[in-house]
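In what follows, a structure is listed as structure tokens, so that the remarks can point back to it.
We use all heavy atoms of the structure for the numbers below, so side chains are in, but hydrogens, waters and symmetry mates are not.
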Amino acid sequence: MDDEFAIIQTNAAAPETPVFVLSFRQRDEVAAAAAGGGWRVVAARRSEGLETRFLASGAAVAVIDARGAMTDGLDAAKILGPTIQAHGAAMLILVSQSDTVHMQRFYDAGATHFLGSPMSSAAMAHAIRFAQRHVERLASWLGQGTGSTEPLGWRYDRDMGSLEMTPALAAMLDLPEAPGIRAMFSRLVPGDRKLARAALKRLDGEGGSTAFAHDMPGMGRVVQHLQYDPETGRLDALVEALGMAPDAGAAVRDALTGARDGPSARRWVDRRLEEGNSIGLILIGLTRFDTVNTAYGRAAGDELLRGVSRRVAEVVRETLGKDAIVARIGGSDFLAASLDPGRRALTETADRLKEALARPFVAGGELAHLGAKLVTAESEAADTAGTLLRRASEALLGDGPVSAHSGPSIEALVGDLRKGIERGEIGVLFQPQVAIATGQIIGVEALARWQHPQYGEVGAEPLFTAAERAGLESLLSDHVQKRALTVAALWPQTLGKLRLSINVTAADVGRPGFADSLLGRIDASGFPRARLTIEITESGIMADLSEAARLLSELRTAGCRVAIDDFGTGYSSLAYLKALPLDYLKIDKKLSQDITGSHRDRIVVRGVIDMARSLGLSVVAEGVETETQLDMLAKEGCQYFQGFLCSGPIDVPALATLARDW
């Protein structure tokens, strides 16, 4: 192995040469192997925006790691294939030895090279080198360059004290190609300069690589991939444009002028509030997206979200102006925000958005109708992005008047609820829970869904609010628990090791004989107690702490595991955590998403995780939507996550496919 490594070092690619890596399971390992061969690595774990990210990386070789993810790998190859062919690039596929029989499908999709496992780092580095040579030879035959776009990057030589930029980056930043390092970093806002300094500190003079993300004027959201060589004193950086790719004329990008994801939108709002501006926003929740996504598949769902994004952007640009921003803040929720638009303009925009989203979309070649719930909100004196968005989110989920187009009222649901239960309209979907250390799906939470004949899909929160209002909470709770257990007991063999989590309500806690009733329901279903977790919310516990302790103790003694759900939304008391027999603590999604917020937010989340682990509890983070959130939660010691980064709530066939390919 030492000899092989020496050969790699001797024949290593020039450190300026980038290579693009997409690995669904082993991103860091593949990236490290490529970096060990001398390449500057741009690595991804998801295939969203794959063509744009590959072109923006400046790489001529794309490595797609399909080991343990054949379906995702083949889909990615099909997406990238035309770009590879058009630019004279190379696509190297990494596959398990047992899957090499499928290589014809990858070649048909545009792959040029493949490598089967088990494979050493040296073999992988050599395979990338052969792919690079293929590109160079093809370019010489055609009398062209490498076919890749010019990379965006810079190099700092410590001994010479000089900084050089690639021409493309210098042009984008309107700087000379050899500016002073101060001139380049002056392009960063103060908060992002701190991120840059922290990234440089992580290298700590010992060499290696790291990365940090920030907003860059004229480019939008970018990731800077840094590599430091302590022997030469040289720092190389490859700038990957995320928010504003070189093909900025694309329709969606043309329509949007600001942030595109949740964290970017929050930063935009925070900065404007810090500058003393008033903010008006519209929060949009698609109420039937999960149904359409399940019916037509993920590709159709992605197409649907792009269509929604275009329509929202068109309306917002016309009514709130070009300085407004539009963002997809997670799952099927969108946000539009503007500086001091006034209530009348917000209302007019919400009306226009409702009309636009009521028109049918095309999904999977079929017409699909979506429902949308909208809420408007305006900033108040002491607001931050977090408090403003939280207030809007609570209004969106609640039963108060959020807008003239807020969808079915709780009162409307109350009258139909009993019939809905009797007609079998209320079922369950399953949201996966993933072990962060291994990336494996280890369990699911069962979530109630009402397929209402008039209003479409109704989620668990308004459903149980309606049940409480109608005095049917116990009836609904029993129905959902029974339905979840019955469905899970019939899972295919591929799901035979997954844990199931079901919820009990505050009303269940005080019901006489509820523990015996629930255990009887479990045993009657045939689902094993040992693979079942009972989740109860903070509010359910605090309704009667002694009864909750007794109930959880009985269930735990009977072989089930127990969890406290939505921790961080209520009392969050250390006293009852110590008093209760618990196995898991589930961090509420608002806390999980705050991990990428201010320093104070991160301290709060860190404290909750430390507290839970000190009590011997495993920690599950809910509502995880981005890789950044996941990485930061993992660093703080969180063991499991649940959220749209893996999947929203899905049915059994979709779960079986995801568990196989994830």
Approximate separation, where rounding is to 0.5 Å, of [X] [atom1] and [Y] [atom2]:
X: Leu500; Y: Gln433; atom1: CG; atom2: CD; result: 9.0 Å
X: Asp333; Y: Lys373; atom1: CG; atom2: NZ; result: 11.0 Å
X: Ile64; Y: Leu50; atom1: CD1; atom2: CG; result: 6.0 Å
X: Ile609; Y: Ile595; atom1: CD1; atom2: CD1; result: 6.0 Å
X: Phe527; Y: Arg499; atom1: CZ; atom2: CZ; result: 8.0 Å
X: Thr376; Y: Ile284; atom1: OG1; atom2: CD1; result: 11.5 Å

Residues forming a side chain to side chain contact (heavy atoms under 4.5 Å, CB included) with Ala32, sequence neighbours excluded |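 None.
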By side chain to side chain contact (heavy atoms under 4.5 Å, CB included), which residues pair with Ala634, not counting sequence neighbours?
->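 Applying side chain to side chain contact (heavy atoms under 4.5 Å, CB included) to Ala634 gives Ile436.
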Closest heavy-atom contact between [X] and [Y]?
X: Phe24; Y: Ala76; answer: CZ-CB, 4.2 Å
X: Val375; Y: Ala392; answer: CG1-O, 3.5 Å
X: Ala467; Y: Leu417; answer: CA-CD2, 3.3 Å
X: Leu498; Y: Arg531; answer: O-NE, 2.9 Å
X: Pro492; Y: Val652; answer: CD-CG1, 4.0 Å
X: Arg46; Y: Leu645; answer: NH2-O, 2.9 Å

Is it the case that the side chain of [X] and the backbone of [Y] share a donor-acceptor pair, with hydrogens and angles ignored and the cut-off at 3.5 Å?
X: Thr486; Y: Arg483; result: no
X: Thr626; Y: Gln629; result: yes
X: Arg613; Y: Cys638; result: no
X: Arg529; Y: Ile522; result: no
X: Arg556; Y: Arg561; result: no
X: Gln451; Y: Glu425; result: no
X: Asp508; Y: Thr505; result: yes
X: Ser592; Y: Glu622; result: yes
X: Asp383; Y: Glu380; result: yes
X: Ser553; Y: Ala549; result: no

I want to check something: taking the side chain as every heavy atom from C-beta on, are [X] and [Y] in contact at a cut-off of under 4.5 Å?
X: Thr533; Y: Asp583; result: no
X: Ile426; Y: Val458; result: no
X: Met632; Y: Val605; result: no
X: Ser477; Y: Val504; result: no
X: Glu554; Y: Leu519; result: no
X: Ile650; Y: Thr657; result: no
X: Leu658; Y: Cys646; result: yes
X: Leu463; Y: Leu413; result: no

Quick one: do the [X] and [Y] side chains pair a donor with an acceptor below 3.5 Å?
X: Thr628; Y: Asp631; result: no
X: Gln431; Y: Glu445; result: no
X: Thr465; Y: Glu461; result: no
X: Ser525; Y: Arg521; result: no

When you look at Ile534 and Leu551, which way does the side chain to side chain contact (heavy atoms under 4.5 Å, CB included) test go after all the steps?
-> CA-CA 10 Å; Ile534 311 297; Leu551 171 63; over 6 Å; no
Does Asp270 come within less than 4.0 Å of Arg267, counting only side-chain N to carboxylate O?
->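 Salt bridge: no.
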Can we say Glu547 and Arg550 salt-bridge, meaning some charged N sits less than 4.0 Å from an Asp/Glu carboxylate O?
->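 Here Glu547 pairs with Arg550 in a salt bridge, since their nearest N and O are under 4.0 Å apart.
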Among Val562, Ile536, Leu615, which one satisfies side-chain contact (heavy atoms from CB on, under 4.5 Å) with Leu582?
->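 Testing Leu582 for a side-chain contact (heavy atoms from CB on, under 4.5 Å) against Val562, Ile536, Leu615 leaves exactly one candidate, Val562.
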Report the C-alpha separation of Ile564 and Leu580 in whole Å, then their side-chain angles, then the decisive distance to 0.1 Å, and conclude whether the side chain to side chain contact (heavy atoms under 4.5 Å, CB included) test is met.
-> CA-CA 10 Å; Ile564 180 170; Leu580 293 171; 5.5 Å; no
Partners of Arg418 by side-chain hydrogen bond (donor to acceptor under 3.5 Å, both in side chains), sequence neighbours excluded?
->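 Expected list: none.
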Listed partners of Arg67 passing salt bridge (Lys or Arg N to Asp or Glu O under 4.0 Å), at least two apart =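 Salt bridge (Lys or Arg N to Asp or Glu O under 4.0 Å) list for Arg67, sorted by chain: Asp65.
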Step by step, would you call Leu495 with Val444 a side chain to side chain contact (heavy atoms under 4.5 Å, CB included)?
-> CA-CA 10 Å; Leu495 304 179; Val444 296; over 6 Å; no
Kindly check if the number of other-residue, nucleotide or ligand heavy atoms within 6.0 Å of CD (Glu422) is above 12?
->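 Yes, because the 6.0 Å sphere around CD of Glu422 holds more than 12 heavy atoms from other groups.
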Taking atom CD of Gln26 as the centre, report whether more than 12 heavy atoms of other residues, nucleotides or ligands fall under 6.0 Å from it.
->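 Yes - once you tally the heavy atoms of other residues, nucleotides and ligands closer than 6.0 Å, there are more than 12.
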Please list, chain by chain and in numerical order, all residues satisfying ring-ring contact (aromatic ring centres under 6.0 Å, His included) with Phe430, sequence neighbours excluded.
->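 Expected list: Trp491.
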Of all residues at least two apart in sequence or in a different chain, which pass the ring-ring contact (aromatic ring centres under 6.0 Å, His included) check with His452?
->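 ring-ring contact (aromatic ring centres under 6.0 Å, His included) list for His452, sorted by chain: Trp450, Tyr455.
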Determine, stepwise, if the pair Arg449 / Leu447 fulfils side chain to side chain contact (heavy atoms under 4.5 Å, CB included).
-> CA-CA 7 Å; Arg449 289 293 186 270; Leu447 298 169; 3.9 Å; yes
